[in-house]
Amino acid sequence: MTDDPHSAPGAWRTSPVSRDPIGQRLKTISVLTRQVSRKIGESLGVNVTDMAALEQLLSHGPMTPGQLAEHLKVTTAAATQIVDRLERAGHVTRERQAGDRRKICVVPLEASIDRAFVQLAPMLDGLDGVIAGLSPAERQVIERFLDQVADVYHAVANLPPSAPGPH
């Protein structure tokens, strides 16, 4: 058992991963990632669901509401409501595709992207510094470990394994 008074009850507390220093660090990174996302969402004036949609658009580029629904694992009706909220908040626009004027793409607005990256810049700069300080041997071990961790997450989320990064 852990003596962390902030831990929720659950079987994960007795897992060797939760007691291992690496497992504890992974848990901390997971919690901090959600907190950073929440902070950015608050600064943009959007809720957690809408922030997840923005993250998808920033990662994958413009997509149809149906594609966004697929990525978010929500119905197309729910995705339409999300897009409506993001559009009202000034974060996205709907644009007709040139090749098929019937198709609408959801496109993040540049000003919104800039606001999000202003929030992320200090973290990204800090991570760049940490990564730059790694030796080639350290990089190889860390890359392999992170690929394996990502594969575990993909398996739990019923997603195909990630392609290994360049080595």
Side-chain angles (χ1 to χ4, degrees), residues 22 25-134 139-167:
I22 293 172
R25 285 171 175 84
L26 287 172
K27 179 182 168 196
T28 298
I29 289 169
S30 177
V31 169
L32 290 171
T33 299
R34 286 191 301 274
Q35 289 175 348
V36 167
S37 182
R38 191 174 310 116
K39 177 184 174 196
I40 293 170
E42 287 171 1
S43 77
L44 296 176
V46 298
N47 65 34
V48 174
T49 303
D50 296 355
M51 186 62 207
L54 272 176
E55 288 171 354
Q56 289 297 321
L57 292 167
L58 294 176
S59 296
H60 302 288
M63 58 180 77
T64 66
Q67 291 168 324
L68 188 58
E70 245 179 70
H71 282 274
L72 296 173
K73 306 286 188 235
V74 299
T75 65
T76 52
T80 298
Q81 290 177 336
I82 292 167
V83 173
D84 288 345
R85 288 192 304 266
L86 290 172
E87 191 173 40
R88 279 193 306 272
H91 297 299
V92 301
T93 187
R94 288 175 166 103
E95 295 180 4
R96 295 210 178 269
Q97 287 186 341
D100 183 351
R101 302 289 297 161
R102 295 169 297 170
K103 275 195 176 174
I104 304 270
C105 266
V106 181
V107 180
L109 294 173
E110 198 64 38
S112 186
I113 294 169
D114 292 344
R115 285 175 56 197
F117 280 108
V118 163
Q119 298 280 324
L120 283 172
M123 182 182 76
L124 296 174
D125 290 345
L127 290 173
D128 284 345
V130 170
I131 293 167
L134 297 172
R139 290 182 66 87
Q140 188 175 25
V141 169
I142 292 168
E143 287 171 7
R144 187 175 69 245
F145 170 74
L146 291 175
D147 285 343
Q148 291 170 346
V149 170
D151 287 344
V152 169
Y153 276 66
H154 278 91
V156 170
N158 291 323
L159 298 170
S162 59
H167 296 290

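Remember, predicted model here, so these are calculated numbers, not experimental data.
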About how many Å separate CE of Met63 and NE2 of His71, when rounded to the nearest 0.5 Å?
4.0 Å
In terms of heavy-atom contacts, Leu68 and Ala53 come closest through CD1-O, 4.0 Å
Show me the donor-acceptor pairs, under 3.5 Å and distance only, between side chains in residues 73-86 and residues at least two apart or in other chains.
unit_1: Thr75; atom_1: OG1; unit_2: Ala78; atom_2: N; d: 3.0
unit_1: Thr80; atom_1: OG1; unit_2: Thr76; atom_2: O; d: 2.9
unit_1: Asp84; atom_1: OD1; unit_2: Arg94; atom_2: NH1; d: 3.1
unit_1: Asp84; atom_1: OD1; unit_2: Arg94; atom_2: NH2; d: 2.6
unit_1: Arg85; atom_1: NE; unit_2: Asp50; atom_2: OD1; d: 3.3
unit_1: Arg85; atom_1: NE; unit_2: Asp50; atom_2: OD2; d: 2.9
unit_1: Arg85; atom_1: NH2; unit_2: Asp50; atom_2: OD1; d: 2.7

Out of curiosity, Arg144 CZ to Arg139 CZ, how far, rounded to the nearest 0.5 Å?
14.0 Å
Between CZ on residue Arg96 and CD1 on residue Ile104, distance to nearest 0.5 Å:
3.5 Å
Of the non-hydrogen atoms in Val92 and Pro108, which two are nearest, and what is the gap between them?
CG1-CA, 4.0 Å
Let me check something: any side-chain donor-acceptor pairs from residues 114-133 under 3.5 Å, sequence neighbours excluded? List them with distances.
unit_1: Arg115; atom_1: NH2; unit_2: Ser43; atom_2: O; d: 2.8

Separation of Thr49 OG1 from Leu54 CG (nearest 0.5 Å):
11.5 Å
His91 side chain vs Leu44 backbone, donor-acceptor pair below 3.5 Å
yes
Any pair with a residue in residues 29-41 that passes side-chain hydrogen bond (donor to acceptor under 3.5 Å, both in side chains), sequence neighbours left out, goes on the list, sorted by first then second residue, please.
Ser30-Arg34, Ser37-Glu55
